[in-house]
Amino acid sequence: MTRFSEFTDLCIQIEKISGSLEMTDVFAEFLKIVDEDELPVSCYMIMGEVFPAWTGKKLGLGPNLLYSALSKAAGIPPDKIKILLRETGDIGETTYRALSEDKKSQSTFSSFLAAEDEKSGTFEIAGKLSISDVYGRLKEIADVSGKGAQDRKVKGLQFLFSESSPLEAKYISRIALEELRIGIGEGIVRDSIAKAFDVPVAQVEFAFMVTNDLGEVAAAAKRGGADALSRQNIQVSRPVKMMLAQVTNSIEAAFSELDEAAVEWKFDGARLQIHKSGEEIELFTRRLENVTNSLPDVVKAVSAAVTAENAVLDGEAVAIDENGNPRPFQDILRRFRRKYDVETMSRDIPIHVNLFDLLYADGVSYIEKPLTERRQKLSEIIKQDAEGISVDELKITKDPEAAAEIYREALAAGHEGIMIKNPMSPYSPGKRGKNWLKKKPVMDTLDLVVIGGEWGSGKRKNKIGSYVLSCFDNIKNVYLEIGRVGTGLSDDLLDALTEQFTDLIEAENGVTLKIKPEIVFEIAFEEIQKSPNYPAGYALRFPRLVRVRDDKTIEEIDTIEKIERMYQGQKE
Ligand code: AMP
């Protein structure tokens with residue numbers, strides 16, 4: 001067993017480093033010494049997660065539940081926790097101070113627990129927790145469900161705080177709220193695994209793409225080196241990251257880089273990854289959330305249409321009207337989110353799935369095969385006259401004018417534009433590159449994350465009336481504020497947004513709110529301007545909320561680099 005205090009020491013050491021090479025060295029050394037059982041969870045925790053993203057498993061602890069657990073563990077009233085939070089601006093530091101400030105009440109609680117637990121013999125002395133202990137406790141918290149779940153989660157966390165030292169609790173809090181942010185992401189973990197176990201980075205990357213689980217990859221690398229990594233494969237029922245597209249400014253520009261291009265409609269819907277294993281069918285969103293229970297009609301359609309015994313398919317689910325035309329994007333998200341009365345909903349908002357890719361069929365992984373071969377196989381395993389699902393049309397051409405014609409058809413049919421793909425390219429999970437280009441008519445909008453807000457006044461008193469937007473600086477690993485939206489939002493929308501954001505409020509100071517970065521807004525604007533008023537150094541002229549991108553994660557928001565490029569492009 002490796003002690004959790006060694007993990008916190010590692011975090012402290014990494015926080016002092018700014019270069020990614022040095023971070024890789026330090027984390028690689030840790031991977032070499034950590035107990036084998038604790039290798040996977042160390043990889044998740046260093047990225048600020050407890051479970052691999054593909055599992056969809058969450059602790060289910062919002063900031064308020066965490067404050068409540070902290071308040072109880074430290075014997076400090078919740079108000080005082082909020083004051084501390086305002087002073088420090090960081091949940092980790094707040095936890096550390098709260099628990100160090102009131103050691104007395106903490107130890108009172110600890111001795112109470114010690115007395116309770118002595119009977120079962122499970123009590124751990126503060127500061128002596130192993131990484132597995134912390135993981136085990138967090139897993140118990142995540143597994144709590146049903147009646148009184150919130151109270152039991154708070155108790156579980158209070159218990160964990162009381163068992164750990166203030167410094168350990170500091171990092172537990174940050175991990176619990178997914179706010180570790182010490183600058184280590186997937187790239188550094190991947191390179192560290194390669195370095196620690198002396199295997200090529202490309203092999204680690206391959207294994208990560210197919211398993212979608214760096215913890216598992218680390219364990220395989222340690223166990224069997226490069227050989228074990230190359231034996232990893234796509235697994236039905238485990239979602240892999242979706243391949244993504246880059247913007248192209250013009251069809252001509254896209255064709256200038258390709259001899260031949262595969263052109264198809266860019267459907268206006270939401271991404272759907274379909275896993276079929278015999279009779280078992282599972283559906284995952286772009287964020288890898290399992291939406292199978294919300295879409296019984298799609299399950300039925302897949303079941304009737306797919307002839308392969310096992311398959312992983314990629315496509316776009318579109319909400320359609322009675323004429324088969326696309327309905328607004330929000331409608332498809334309503335279908336994805338619906339938890340009850342799903343049958344009625346599926347009659348009200350029917351879905352058509354347009355399949356455009358194949359990752360796996362009957363024991364064979366297709367991701368390394370060229371698009372043309374994947375498509376050929378896809379057509380072979382989908383019945384042609386199936387209802388509610390079809391393989392979309394794909395045209396391979398050298399002629400930009402033919403692509404322009406398809407573009408006009410797609411727009412006339414109410415879709416977003418076209419995709420221009422490299423026919424020879426493999427399927428690269430999680431990658432956004434030149435092999436898939438998207439062409440849409442409007443000036444590109446920005447996807448920004450909400451990090452703050454303000455309570456409204458007058459008749460908007462109980463609503464969050466304006467929202468602070470930020471882009472991401474992926475070098476410094478921080479969010480940079482770039483403006484606000486608020487004006488022009490209807491009262492109904494404000495009600496819905498306020499409800500969505502309430503659980504994410506981390507701190508309040510008068511009317512000003514600090515909000516946990518989680519929800520992505522797609523923002524349209526007239527122009528990007530230089531501005532000293534915002535940390536990003538830019539501001540948006542006339543920002544307007546186009547839609548809430550519930551289908552996107554915060555890892556997908558636009559970066560300051562992209563905004564700089566757009567600003568330069570605008571000047572030209
Ligand atoms: P965006 O959401 O603007 O980044 O555009 C990429 C998205 O377009 C993908 O994630 C898909 O959900 C969607 N899309 C629609 N039609 C296609 C298609 N034919 N090929 C790939 N992606 C598509």
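In listed order, ligands and their atoms are each counted from 1.
- Taking the ring centre of Tyr340 as origin, the terminal cationic atom of Arg338 falls inside the region bounded by 6.0 Å and 45° from the ring axis.
- Residue pairs satisfying the side-chain hydrogen bond (donor to acceptor under 3.5 Å, both in side chains) criterion with at least one member in residues 316-327, sequence neighbours excluded, are listed as follows: Arg327-Asp331.
- No side-chain donor from either of Tyr360 and Asn233 sits under 3.5 Å from a side-chain acceptor of the other.
- Geometrically, Arg547 engages Phe329 in a cation-pi contact defined by less than 6.0 Å to the ring centre and at most 45° from the axis.
- Legend: residues meeting side-chain contact (heavy atoms from CB on, under 4.5 Å) with Lys421, ordered by chain and number and at least two apart, are Ala262, Glu264, Phe356, Leu371, Met419, Trp436.
- Near ligand 1, Glu264, Trp265, Lys266, Phe267, Arg271, Arg286, Glu316, Phe356, Asp392, Met419, Lys421, Trp436, Lys438, Lys440, Arg549, Lys552 each place a heavy atom less than 4.0 angstrom from the ligand.
- Among residues two or more places apart in sequence or in another chain, the side-chain contact (heavy atoms from CB on, under 4.5 Å) test is passed with Asp348 by Thr344.
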